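Just below is one structure, and these are the notes that go with it.
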Amino acid sequence: MKTLRQAKIGDTVRVVKLHGEGAVKRRIMDMGITRGVEVHVRKVAPLGDPVEITVRGYELSIRKADAEMIEIES
């Protein structure tokens with residue numbers, strides 16, 4: 001299983017599955033990250049937190065803990 005946290009800068013990946021429970025999963029989905037959507041990794045902060053991505057045409061920064069809940073495929 002590869003997660004969004006493991007994706008490299010410049011990668012464009014597809015979301016396969018969202019892990020997590022309740023409010024956390026709902027918050028990720030409310031940001032537009034749902035199964036099947038393409039995500040482009042733009043930047044990663046020096047210490048790895050946060051990760052800046054482009055999803056559905058807008059830029060978004062997410063915590064690495066949230067990025068680890070997003071299963072991807074290249």
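Source: prediction; values computed, not measured.
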Between CD1 on residue Ile62 and CD1 on residue Ile53, distance to nearest 0.5 Å: 4.5 Å
Donor-acceptor pairs under 3.5 angstrom involving side-chain atoms of residues 28-37: please list them, not counting sequence neighbours.
| unit_1 | atom_1 | unit_2 | atom_2 | d |
| --- | --- | --- | --- | --- |
| Thr34 | OG1 | Arg56 | NH2 | 2.6 |

Electrostatic pair Glu73-Lys2, nearest N-O below 4.0 angstrom: no
Student check: side-chain heavy atoms of Met69 and Val24 closer than 4.5 Å: yes
Side-chain heavy atoms of Val51 within contact of Val41, under 4.5 Å: yes
Under the side-chain hydrogen bond (donor to acceptor under 3.5 Å, both in side chains) test, residues paired with Glu38 that sit two or more places apart: Arg14
Test item: Val16 and Ile70 side chains (from C-beta on) under 4.5 Å apart, heavy atoms: no
With Glu68 via salt bridge (Lys or Arg N to Asp or Glu O under 4.0 Å) - residues at least two apart: none
Minimum heavy-atom distance Lys25-Gly20, with the two atoms named: CD-O, 3.8 Å
From NZ (Lys17) to OG1 (Thr3), nearest 0.5 Å: 14.0 Å
By side-chain hydrogen bond (donor to acceptor under 3.5 Å, both in side chains) - contacts of Glu71 (at least two apart): His19
Shortest non-hydrogen separation from Arg63 to Arg27 and the atoms involved: NH2-NH2, 2.8 Å
Contacts of type side-chain hydrogen bond (donor to acceptor under 3.5 Å, both in side chains), residue Thr12, not counting sequence neighbours: His40
Qualifying residues under side chain to side chain contact (heavy atoms under 4.5 Å, CB included), relative to Lys64, sequence neighbours excluded: Arg5, Asp49
Val39 vs Ile72, side chain to side chain contact (heavy atoms under 4.5 Å, CB included): CA-CA, chis, key distance, verdict: CA-CA 9 Å; Val39 175; Ile72 61 167; over 6 Å; no
